[in-house]
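Report on one structure; see the data block that follows.
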Amino acid sequence: MADAARGMGSLPVANVQALAETCNNGVAEPVPRRYLSKDPSAEEVVAADDSSHAIPVIDFRKLLDPESSEEECARLGSACHRWGFFQLINHGVPDEVIANLMKDVVGFFKQPLEAKKECAQQADSLEGYGQAFVVSEDQKLDWADMLYLIVQPRESRDMRFWPTRPASFRDSVDSYSLEASKLAYHLLEFMAKGVGADPASLRGVFQGQVRGMRANYYPPCRQAADRVLGLSPHTDPNGLTLLLQMNHDVQGLQVSKDGRWFPVQALDGAFVVNVGDALEIVSNGAFKSVEHRAVIHPTKERISVALFHFPDQDRMLGPLPELVKKGDRVRYGTTSYQDFLKQYFTAKLDGRKLIESFKLE
Ligand code: OGA
Ligand code: NI
């Protein structure tokens, strides 16, 4: 099996957690120009307290309950079509599994730089501690560090990049990635049902395939929070992404809809789930891979963990016949998923540009 993001690298950049410490302290260093990318007045952000504009909330318990399943499946299908994003409550992943993961991810980032560097990325690999999508010396940079690991299946792991401290880190990631994967497969079944397809159809594309975990560390930026970006606007290249956020009081994730940015107020204990490019293609556009970004808080750090479910990377990816609705046409080209990923990881993040190029008009 080919492995997501192996053999593809990113140019080395400064450690942003360390940089932020020098920029945020009393005798502040100016924030380097390469991080100042955003014109705060250029794009409209919808007020965070306007709940009528919030991404939909889906109740996993209602999906499971025969009494309510059909209705909730339809809501799920509509959320994935209209927003490409939803929050999932009552998801059944044990609190303890999530709490252990969070504690150990926070513990990893809290270590001194030298300790974290034991997991540093190496040339030609995105796994490890560092940053992704840096392809030129003059592009704008994101105000964040990341730790990226291929976490499932177990035989795909490259333990060189896996932290040994906190001591429970590896076990926590193991349990979490198994539990969250089970949930994701279940969700894919309900998503297929939601558009009237065989529940096994979508699940079959993703089950047992590679899952990558990206832990994001977004330091505060006292001087210029409104001019830096934690994560540039992008779509995820995979199928389904499950996102956890550690600090619910710090708003960061924003989702694009109708030309405006909608802040996501992460609910305590919920997952933020989103559709990635592979799922948009496989579903022939029934589900949308929507552009999103992360903004930075002036005084508070934020940590998030994304779990990406990839499709089989050795096969050609195109709309599944079961998901092309009667009377509809095939809307996306079929492509080798390896080629798709290569294009994705060797360019700067650029919204929906790549997925748009696979649309047939
Ligand atoms: C990602 C992502 C958002 C966040 O890692 O792909 O979109 O809030 N993260 O960290
Ligand atoms: Ni993303």
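Note that ligands are numbered from 1 as they come in the structure, with each ligand's atoms numbered from 1 the same way. Computed from a prediction, not measured in an experiment: that's the story for all the values here.
By the neighbour-count criterion of 12 heavy atoms within 6.0 Å, atom CG of D249 is densely surrounded, having more than that number from other residues, nucleotides or ligands.
A donor-acceptor pair shorter than 3.5 Å cannot be found between the side chains of T22 and E29. Side-chain N/O atoms of H292 and D236 include a donor and acceptor closer than 3.5 Å. For the 3.5 Å distance criterion, the side chains of D142 and Y218 fail to qualify, holding no donor opposite an acceptor. For the residue pair R34 / Q139, no side-chain donor-acceptor distance below 3.5 Å is found, with atom types taken as modelled.
Evaluated for a salt bridge (Lys or Arg N to Asp or Glu O under 4.0 Å) with E280, the options R331, K288, R352 yield exactly one hit, R352.
The protein residues lying under 4.0 angstrom from ligand 1, judged by non-hydrogen atoms, are R214, N216, Y218, L231, H234, D236, L243, L253, H292, R302, S304, A306, F308.
The Ni ion (ligand 2) sits nearest to atom OD1 when only the N, O or S atoms of D236 are considered.
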